[in-house]
Structures are given as C-alpha cells and as structure tokens.
Student: 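Dropping a structure here in structure tokens format, bear with me for questions.
Hydrogens, waters and symmetry mates are skipped; everything else that's a heavy atom, side chains included, is used. No experiment lies behind these values; they were computed from the predicted model shown.
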Number of protein chains: 2
Amino acid sequence: MLTEERHRLILELLAEKKVVKLQELVEATASSESTIRRDLSQLEKEKKLRRVHGGAALLHQKREELSVLEKSTKNMEEKRMIAQYAAQLVQDGDCIYIDAGTTTLEMVPHIHAKDIVVVTNGITHLEALLEKDIPTYLLGGLIKKKTKALIGRGALHSLEHYSFDKCFIGVNGIHHDFGYTTPDPEEAMVKSLALKLSRQAYVLADHSKMNESTFAKIADLEAATIITDELDDELLALYEAKTAIEVVKK
Amino acid sequence: MLTEERHRLILELLAEKKVVKLQELVEATASSESTIRRDLSQLEKEKKLRRVHGGAALLHQKREELSVLEKSTKNMEEKRMIAQYAAQLVQDGDCIYIDAGTTTLEMVPHIHAKDIVVVTNGITHLEALLEKDIPTYLLGGLIKKKTKALIGRGALHSLEHYSFDKCFIGVNGIHHDFGYTTPDPEEAMVKSLALKLSRQAYVLADHSKMNESTFAKIADLEAATIITDELDDELLALYEAKTAIEVVKK
DNA sequence: TCAAAAATCAATCAAAATCATTCATTTACA
DNA sequence: TGTAAATGAATGATTTTGATTGATTTTTGA
C-alpha cells in the first residue's frame with residue numbers, strides 16, 4: 001500500500017472514530033507497526049492529527065473527551081453508533097437534509113455514498129461536509145448563537161425551495177402521546193418543515209430522549225422512522241404500533 | 001501501445017483510484033517499468049498528476065488555497081484602514097449587509113454602533129460577529145468551497161426578503177468604463193442585488209483594484225460610494241465625476 | 001501506595017522496493 | 001533506407017520498510 005494511500009486511510013478512520021489505536025491502523029493498512037509509527041509522526045508534524053499514547057487523536061479533540069466518564073455522561077458512544085447507522089442509509093445520488101445538532105454532526109464522517117447533495121441548517125456541519133467535498137447548501141436565516149443553527153422565517157423560506165430523498169433530524173424528546181419535541185419553537189418549525197419535504201424521514205435520538213417531552217412539538221410519531229440505541233421490549237412494542245423504529249445494538 | 005493512449009489510460013486509472021501503483025500501470029498498459037516512469041515524469045511536468053514514491057497521485061488544489069491565503073495577507077494594512085473607515089459609517093440602529101471577503105471581514109471588530117443587525121453571505125464573518133453579540137442573519141444557498149461564501153439562486157432568494165440602510169461590498173475591479181467587477185458571475189449577482197436593496201451602498205477596494213476589471217460586472221460606478229486607500233489626483237477627478245469616493249489616508 | 005509486568009515508544013539497521021540514469025535495441029516515419 | 005524518437009534492460013543510488021533493541025510509559029495487582 002502506498003504511503004499516500006495509507007495517510008488518507010488513517011485520516012479517514014480518525015475522522016470517523018475521533019481516536020484510533022495504533023494496532024487498529026496496523027490491521028487496517030496491513031503494514032507494520034514501524035511504518036504506522038512513522039506515518040503518525042509525519043502526520044503530526046503536518047498538523048493533521050495529534051499523537052497520543054497508543055495511537056492518534058483528532059487535533060481539536062479535547063483531552064477530557066477521551067475519558068470514559070465524559071463519554072458516558074454525554075452518551076457520546078451511543079450517539080456515534082446511531083449516527084453511523086443513519087449514515088449508511090444514505091445512498092448514491094441522494095439529496096438529503098441534515099439537521100443541526102451533535103448527533104447528526106457525527107453522521108458526516110461516516111457517509112460514504114457518492115454524488116450526494118446535502119442541505120443543512122447547522123453551521124458546525126460545514127467544515128466536515130466541505131472536507132469530504134460534498135456539495136452543500138445552507139439554509140438562510142437568523143443564527144442562534146448557542147447552537148450555531150439557522151432558524152426563523154429565513155430558514156423556513158429557504159427550505160421551501162427544496163425537497164429531499166431523506167432527512168435526518170435530531171430531537172430532544174420522543175413521547176408516545178406528544179410525539180417529537182424540542183425546546184425551541186423556532187427550531188421545531190424548521191425541523192417540522194424539513195420532515196414534510198422529505199420522502200423518507202429519520203429521527204435520531206439516544207435512549208435518554210425516549211419517553212421524554214419538551215416544549216415545542218415537531219410532529220407526530222408517525223411522521224418519521226426512529227433511530228435509537230436502546231429500548232426495552234415493552235416500550236419498543238408501544239412505539240412500533242405507531243411507527244418504524246430501528247434499535248442500533250452495540 | 002501508443003504514448004498518447006498510455007497517458008490517457010494512466011490519467012483515467014488515476015481519476016478512478018486517486019492513487020495508482022507503478023506496477024499496476026505496468027500491468028494495465030503492458031509496457032515496461034522504464035516507460036511508465038518516463039510517462040509519469042512527463043505527466044508530472046505537465047501538471048497532470050503528482051508522482052509519489054511507488055506510483056502517482058492526483059494533485060489536490062492546494063495551489064488555490066495558497067493563493068487565497070496569499071491574497072488575504074496582501075495589502076493587509078491598507079485593507080484594515082479601509083475597513084476601519086467603513087466600520088465607523090455604521091450608525092446605531094442600522095441594518096447592514098456585509099459582503100463576504102477579507103476586507104469586509106476586517107470591518108467587524110471595528111464596528112462600535114449599538115443595536116445593529118447584520119446580514120452577510122460570508123461564513124467566515126460569523127465568528128467575529130457572534131463574538132461581538134451582533135444579531136446576524138445569513139443568506140442561504142450553495143457554499144463556495146474556496147471562499148466560504150454563499151452564492152447561487154438560494155442566496156438571491158434569501159436576499160430578496162431584506163432591505164438595508166447600508167451595504168458594504170468587496171470587489172476585484174473598479175474601472176471607469178466597466179464599473180465594478182468580480183471574477184465569479186454567481187457572486188456578482190449576489191453583490192449586485194445587495195447594492196440594489198440598500199439605501200446607501202459602499203464598495204471597499206484597495207488601490208490594487210483601481211482601474212482594473214475582471215469577468216463579471218456587478219454594477220455601474222454610480223451605484224455605490226467607493227472607499228479606497230490611495231488614488232492620484234488625476235484618477236480621483238475622473239472617478240469623482242461619476243460617483244462619491246472616499247480616500248482613506250494613512 | 002508501590003513495584004513488577006505489560007504495553008508502547010524511539011532509534012537503529014539491514015533487506016526490499018523503488019528510483020534515476022545510461023545504453024543498446026526497436027520502432028515510427030519521412 | 002536513414003534518422004530520430006521511443007523502448008526496455010541493466011546499473012548503482014536512494015527511499016521505504018519491517019524487525020530488533022533497549023528506553024519509557026501505562027497498567028496491574030498485591
């Protein structure tokens with residue numbers, strides 16, 4: 001395998017996983033440990049990654065986020081799994097909408113479909129999308145400082161000009177009676193419209209959002225397929241009566 | 001196999017695979033190693049590919065990125081002066097449009113007016129604007145990877161919903177006969193519409209842009225006030241016959 | 001808490017792969 | 001047929017690679 005090729009593969013794996021073990025890279029590239037070490041040294045010198053004991057990490061990945069504790073409190077691992085599953089639903093040639101939010105952001109490095117077009121209201125998504133050379137359209141509108149999401153009349157107006165093969169929406173609550181909810185009504189309107197404009201709609205939510213409800217309603221359960229990471233059989237049956245639901249196992 | 005045919009085949013394989021091993025090319029073309037080496041040398045000289053140890057790789061457009069970086073640091077002091085002058089034109093309560101570009105970006109930290117609202121198509125401007133707690137609206141549209149500007153139909157559509165007290169536009173050429181110009185027609189349309197929607201319009205350009213013209217016309221000179229850093233009296237008189245012009249002294 | 005054990009690391013070196021160069025030989029074409 | 005360009009084989013130089021060494025860091029377990 002060519003050096004160039006190896007370096008690309010290393011950076012791609014890193015983008016997907018945030019942290020990679022040296023041994024994983026040895027396996028993935030079928031090269032020796034020495035070679036991978038040399039690669040990592042070089043890529044670090046080029047400021048493409050940061051070496052850590054046992055492997056490598058993304059540059060802007062904070063040290064604390066590597067700790068198991070932080071990961072478990074924020075359900076990072078679960079979100080990654082959900083995002084990975086969602087990403088492989090994207091097919092060659094799809095036009096998709098990706099909602100702002102941390103879970104949907106995780107999708108981007110896992111998307112491998114070719115010739116796709118992405119529309120998003122998440123400014124934080126741009127870097128990853130452009131990095132992968134995916135043609136990207138942004139909604140207009142007011143920028144919500146805290147989340148860097150585009151909302152308001154302008155966002156709705158922009159959305160109206162599109163329609164999607166698939167959309168991927170993050171929510172804060174999924175509830176049997178109240179449907180999909182999120183705290184900000186402005187955001188809810190954007191999410192709601194995106195759902196309507198999409199042939200297939202997916203809602204991404206880790207288990208901490210199940211059976212919860214917050215202020216603003218986005219849509220009824222029927223409006224989308226749920227992708228989550230964990231759900232006991234009783235609840236599963238309850239939700240399955242209303243809509244399709246995918247439970248991603250570890 | 002003819003040289004030309006080989007070259008075509010090499011580039012084709014390369015386009016498909018991003019990187020090719022020399023040995024693969026030897027097999028694919030049924031030529032000797034020496035011949036392929038010669039081909040690769042030649043194609044590299046023609047800037048069709050990049051040789052790497054063991055084969056060849058596509059050349060990525062890092063050249064452009066460098067040129068952008070170069071451009072952004074060129075005449076920086078002049079640009080900063082122009083931007084500072086423009087920034088103090090912003091009054092309390094104004095609604096303004098700030099165009100994408102390095103000169104206009106420099107405006108943001110110098111704006112001291114209160115209760116203003118900013119609309120922009122420059123994604124790079126966001127950080128500075130939000131840092132100053134300025135309510136900011138972004139246009140929608142396609143993201144131009146090179147400049148991180150929003151362009152296209154979506155951007156024009158978004159713009160139509162606004163009107164401004166003042167707008168600040170960057171241009172690549174100011175010419176007595178050809179007016180204001182910029183290389184990208186898509187961007188020109190956005191700039192042009194912003195000018196029309198504004199009660200007062202300002203064009204920011206350092207002296208290197210004066211008496212120059214590029215591909216796509218934005219508007220006639222009359223459509224805006226010019227802010228620049230240096231201009232001999234003869235030219236000044238020429239331009240003043242057509243429009244207002246502010247020359248910012250050191 | 002501490003020391004032993006395990007894992008990971010940087011440095012070195014020889015083998016393997018790749019490279020540029022040279023020089024006959026073949027091919028293309030007038 | 002003669003000439004110039006293109007080819008392929010051979011040479012030694014250069015680069016990359018993988019194994020090995022002992023040093024360093026992390027983990028384990030008492």
Side-chain angles (χ1 to χ4, degrees), chain A residues 1-74 76-77 80 250, chain B residues 1-60 62-63:
Chain A
M1 181 176 279
L2 255 39
T3 309
E4 191 87 2
E5 218 175 336
R6 265 198 331 270
H7 286 192
R8 271 231 325 258
L9 188 56
I10 289 173
L11 290 175
E12 181 152 335
L13 277 170
L14 192 57
E16 286 183 17
K17 308 191 56 173
K18 317 291 178 205
V19 209
V20 280
K21 288 212 206 98
L22 190 127
Q23 282 308 325
E24 291 174 348
L25 295 174
V26 169
E27 276 184 46
T29 62
S31 330
S32 72
E33 204 176 292
S34 304
T35 301
I36 299 296
R37 280 185 203 292
R38 271 186 288 260
D39 287 342
L40 294 186
S41 299
Q42 191 182 338
L43 289 170
E44 181 173 49
K45 211 177 291 174
E46 292 171 10
K47 305 244 186 286
K48 301 278 182 61
L49 53 74
R50 191 163 51 84
R51 292 191 72 177
V52 297
H53 194 87
L58 286 179
L59 276 178
H60 48 272
Q61 191 81 357
K62 294 194 184 78
R63 205 163 284 267
E64 312 87 62
E65 283 184 29
L66 297 178
S67 79
V68 183
L69 186 72
E70 182 79 8
K71 261 189 186 168
S72 64
T73 57
K74 296 235 176 183
M76 266 326 275
E77 183 56 26
R80 202 189 58 73
K250 278 185 189 175
Chain B
M1 182 177 279
L2 255 46
T3 310
E4 199 163 324
E5 206 178 340
R6 263 199 332 271
H7 285 194
R8 203 176 45 71
L9 187 56
I10 289 173
L11 291 175
E12 203 169 300
L13 275 171
L14 191 57
E16 254 179 61
K17 309 190 49 177
K18 317 260 192 219
V19 275
V20 280
K21 285 211 258 262
L22 189 127
Q23 284 308 325
E24 291 174 353
L25 294 175
V26 169
E27 278 184 44
T29 62
S31 323
S32 73
E33 205 176 291
S34 303
T35 301
I36 299 296
R37 281 185 203 292
R38 270 187 285 261
D39 288 342
L40 294 186
S41 299
Q42 191 182 338
L43 288 170
E44 181 173 49
K45 210 176 291 174
E46 293 170 11
K47 306 241 188 274
K48 300 279 183 59
L49 53 73
R50 193 164 45 91
R51 291 192 72 176
V52 297
H53 194 91
L58 286 176
L59 28 78
H60 33 243
K62 224 173 193 172
R63 260 191 28 181

Student: Enter the inter-axis angle for the ends of the helix from dT1(C)-dA30(D) to dA30(C)-dT1(D) (five pairs per end, rounded to 10°).
Tutor: 40°
Student: Is the shortest side-chain heavy-atom distance between Arg51(A) and Arg37(A) below 4.5 Å?
Tutor: yes
Student: Between Glu4(A) and Lys18(B), is a salt bridge (charged side-chain N to carboxylate O under 4.0 Å, His left out) present by the stated rule, with each step listed?
Tutor: CA-CA 10 Å; Glu4(A) 191 87 2; Lys18(B) 317 260 192 219; over 6 Å; no
Student: Is there a side chain to side chain contact (heavy atoms under 4.5 Å, CB included) between Glu33(A) and Ile36(A) once you walk through the steps?
Tutor: CA-CA 5 Å; Glu33(A) 204 176 292; Ile36(A) 299 296; 5.9 Å; no
Student: Grab the CD1-C1' distance between Ile36(B) and dT7(D) for me, whole Å please.
Tutor: 11 Å
Student: Counting heavy atoms not belonging to Glu44(A), are there more than 12 under 6.0 Å from its CD?
Tutor: yes
Student: Ignoring hydrogens and angles, tell me if any N or O in the side chain of Ser31(A) forms a donor-acceptor pair with the backbone of Thr29(A) under 3.5 Å.
Tutor: yes
Student: In whole Å, what is the span from the CZ atom of Arg6(B) to the C1' atom of dA6(D)?
Tutor: 8 Å
Student: Evaluate the criterion side chain to side chain contact (heavy atoms under 4.5 Å, CB included) for residue pair Val52(B) and Thr3(A); output intermediate values, then yes/no.
Tutor: CA-CA 8 Å; Val52(B) 297; Thr3(A) 309; over 6 Å; no
Student: Is there, by distance only and without an angle test, a donor paired with an acceptor across the side chain of Thr3(B) and the base of dA6(D) below 3.5 Å?
Tutor: no
Student: Between atom CZ in Arg37(B) and atom P in dA6(D), what is the gap in whole Å?
Tutor: 19 Å
Student: Judged by each residue's nearest nucleotide on DNA chain C, which is more toward the 5′ side, Gly54(A) or Gly54(B)?
Tutor: Gly54(A)
Student: Between Arg80(A) and Glu77(A), does any NZ, NE, NH1 or NH2 come within less than 4.0 Å of an OD or OE carboxylate oxygen?
Tutor: yes
Student: Using side-chain contact (heavy atoms from CB on, under 4.5 Å) as the criterion, point out the one residue from Thr35(A), Leu14(A), Leu40(A) that pairs with Leu25(A).
Tutor: Leu40(A)
Student: Separation of Leu40(B) atom CG from dT7(D) atom P, in whole Å?
Tutor: 13 Å
Student: At a heavy-atom distance below 4.0 Å, which nucleotide of DNA chain C is the first touched by chain B, and which is the last?
Tutor: dT18(C) to dA20(C)
Student: With a 4.5 Å cut-off on side-chain heavy atoms, are Val20(A) and Lys17(A) touching?
Tutor: yes
Student: Taking DNA chain D as the partner, which of residues 15-33 of chain B come within under 4.0 angstrom of it by heavy atom?
Tutor: Ser31(B), Ser32(B)
Student: Do Arg38(B) side-chain and dG8(D) base share a donor-acceptor contact under 3.5 Å?
Tutor: yes
Student: Answer whether the closest heavy-atom distance between the side chains of Arg6(A) and Leu2(A) falls below 4.5 Å.
Tutor: no
Student: Measuring only between side-chain heavy atoms, which start at C-beta, is Lys48(B) closer than 4.5 Å to Leu11(B)?
Tutor: yes
Student: Closest approach to the side chain of Ser34(B), judged atom by atom: which nucleotide of dG18(D), dA9(D), dT7(D) is it?
Tutor: dA9(D)
